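Working notes, structure below.
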Amino acid sequence: MTATASVRPAAAGSGEPLLQLRGIQKSFGAVHVLRGVDLDVRAGEVTALVGDNGAGKSTLIKGIAGIHSFDDGEYIYDGKPVTVHGPKDAGALGIEVVYQDLALCDNLDVVHNMFLGRELTKSGLLDEDSMEKRARETLDGLSVRTLRSVRTKVASLSGGQRQTVAIARSVLWNSRVVILDEPTAALGVAQTEQVLLLVRRLADSGLGVILISHNLNDVFRVADTIAVLYLGAMVAQVRKADVTSNQVVQLITTGSTGEGASA
Amino acid sequence: MSATKPEETPVVAPEPSQAEGLGGIVRAYLAKVRGGDVGALPAVLGLVVLVIAFSVLRPNTFTSELNVANLINQSAAITVIAMGLVFVLLLGEIDLSAGVAGGTAAAVMGVVMTNHHQGWFISVLACVAAGAVIGTGIGLLVSRLGIPSFVVTLAAFLGLQGVTLEIIGAGGTIPFENETIRSITDKNLPIWLGWTLAAVVVVGYAVVTYVRNARRRRAGLTNEPRLLWAIKSGALAVVVVLLVAYLSRERSLNPNFKSLKGVPNSLVVILVLLLVLSFVLGRTAWGRHVYAVGGNTEAARRAGINVLWIKLSCFILCSSIAAIGGLLLAARNHSVSNATGGGETLLYAVGAAVIGGTSLFGGKGKVADAVIGGTVIAVIANGMGLLNQEPGVVFIVTGLVLLVAASVDAISRRRAAASGRG
């Protein structure tokens, strides 16, 4: 972590979190999915969200992204309580989600996908020049070197390149929090490497990153803090340095480390 | 995480300039075709083969000036309906009722024009409005209720024939007596206007694309090599000049009685629709959203695109344009009957779009495909007619051509999937 720690703007662990959730409750009918979840996301850090299938990870991020609202609890953004009623509200706050299935249109090129639904227009017509320029600038800013041309159709990109495009799209809009849902699932070794680098770079550039992953190797490589959900409750949010991989596995599977170390 | 200093000289590599020179352009094009992106290539090749074959078999009649002009008027309605269908096909939907919707709209127009003695402008307005109403109904059922468009438009295909029958009465026809409307398919542009139009089209295309390329080159964005621009502009000029020159020759069988020359008005209708619709599809956010919905509906929805509105508007547009197609059919027959837009009209129109390169799977296609495909269909029907083939044989051959086109679509799609191109 040494090479990148120095350039990180926010000193690790200090300052007000950018996004705070307190006592979040969510039920779907009789199923109580989230039971008083707390979560802190700091700018300039990667917060890994781990938990077994059905622990409530997806429900939590969908709530943050405004896809459905929480039943109860506080949603504090930039120190102020906010209400998020839809994806547009979340987008206005600067919260972007990169879903696992990426939501890219294969038949469109990289530029079109990055601006999908938010095309730049000039007197009512598509402003292709500005879009292409900004797309390149964003990709350059993320030090993406794997794309041959921004006018390539997404269908012809590899899994890692697609992930890159989806992530680049999420930072195109001056976003401040980026939520990545399993970005390395289904990627090969080299491509996983690329994407993890990119994730780290996002945080180093000052964004708050929430990384959902099943792969603890990935988590330990890029995360600053690790939040563990177990059956809808946040059983731990700890700094990476304070836990071992085994303890995290125990937290995921049983909800405690068995040594009283859980936070 | 240790060995990862952010790269200093990064970048999405400078746009590859491999396409410089003739060899480069050809290589880039071949790579595209091999990757499954064949576009209108099969249709253009097919058209060339068909034209050569019919010209050899019927040298006196097929290539005669009269027949060429005839062919344009024959194909006009099919081509126009196909242009509207492109929008629905781009969504991955289908509109089986486009032909009869055109017939119904023409019947409404007939009532307004002939029975209520309205002028051509009001009548055309009524025609397009009738199409828009039909499209709204279909679009709402497809987008809101989620009924497959195949079923909705199949029902409309039956129902609208009934509506037409009710409007004009069993076995009846409504004559189209308005001279302006008739002149769309009966009359031609004056020679000088035809040439002016040709000059505007060729010079307009060359200048607009040149300026855009120059601007993008200065800004360091992707651009078309100058040679490719020259080839495209040159090819367009050759085709346009040859066509207009040919159409400007006297083609009347008895010139002393009635002179017949110039670009048919119906070609102007096609040209205007082609330009306007291509512009809307290619240069507006709405057009981009149509491609997005056709490519990945869920992605479009998550990107904040109003998918329901995109679907609804495409169906409205398709039926409205089909109404113009119905108008052309009726104008050519000088009357509207319950057969207008029925029969093989719709299948020819779908065939035209697909033969031209629009995918039945959605997300891929252009308005120009309809023009190329419509010409192929018309050439087959016309040429086979000149060869005195039975109507049955014409149907069989046209059906086979459509099947071939659909196969090309499916195969290129599989190749695209295999090579990772869209």
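Naming convention: chains lettered A, B, ... in sequence-line order (proteins, then strands); numbering from 1 in each chain. Small disclaimer: the values here were computed from a predicted structure and weren't measured.
- In terms of heavy atoms, A103(A) sits closest to R302(B) at CB-NH1, 3.6 Å.
- Residues C105(A) and A292(B) approach most closely at SG-O, 3.4 Å, considering heavy atoms.
- Counting heavy-atom neighbours within 6.0 Å of F150(B) CZ, excluding the residue itself, gives a total of 12 or less.
- The candidate with the highest count of non-hydrogen atom pairs below 4.5 Å against chain B, out of R169(A), R118(A), E128(A), K88(A), is E128(A).
- The minimum heavy-atom distance linking K133(A) with A219(B) is given by the pair CE-CB, 4.2 Å.
- Rounding to the nearest 0.5 Å gives a distance of 9.0 Å between CG of D129(A) and CZ of R212(B).
- Applying the 6.0 Å contact sphere to NZ of K26(A) captures more than 12 heavy atoms from other residues, nucleotides or ligands.
- The heavy-atom pair separating A285(B) from E119(A) by the smallest distance is CB-OE1, 4.2 Å.
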key: side-chain contact (heavy atoms from CB on, under 4.5 Å) between L104(A) and N296(B), intermediate numbers included   = CA-CA 7 Å; L104(A) 298 175; N296(B) 186 343; 5.8 Å; no
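- In terms of heavy-atom pairs under 4.5 Å with chain A, the best-connected choice from G295(B), A300(B), G282(B), G294(B) is G295(B).
- Within a 6.0 Å sphere centred on CZ of R217(B), other residues, nucleotides and ligands contribute more than 12 heavy atoms.
- Proximity to chain B at a heavy-atom threshold of 4.5 Å picks out nothing from residues 60-69 of chain A.
- In this structure, T222(B) OG1 and R151(A) CZ are separated by 5.0 Å, a value rounded to the nearest 0.5 Å.
- By a heavy-atom distance cut of under 4.5 Å, I305(B) are the residues of residues 304-318 of chain B near chain A, going up by number.
- The environment of OH in Y210(B) is sparse: at most 12 heavy-atom neighbours from other residues, nucleotides or ligands sit within 6.0 Å.
- When atom types are taken as modelled, the side chain of N107(A) and the backbone of G363(B) share a donor-acceptor pair closer than 3.5 angstrom.
- With a 4.5 Å cut-off on side-chain heavy atoms, L126(A) and T284(B) do not count as touching.
- Interface remark: R283(B) contributes backbone and side-chain atoms alike to the contact with chain A (heavy atom separation under 4.5 Å).
- To the nearest 0.5 Å, the span separating CZ on R288(B) from OG1 on T121(A) amounts to 11.5 Å.
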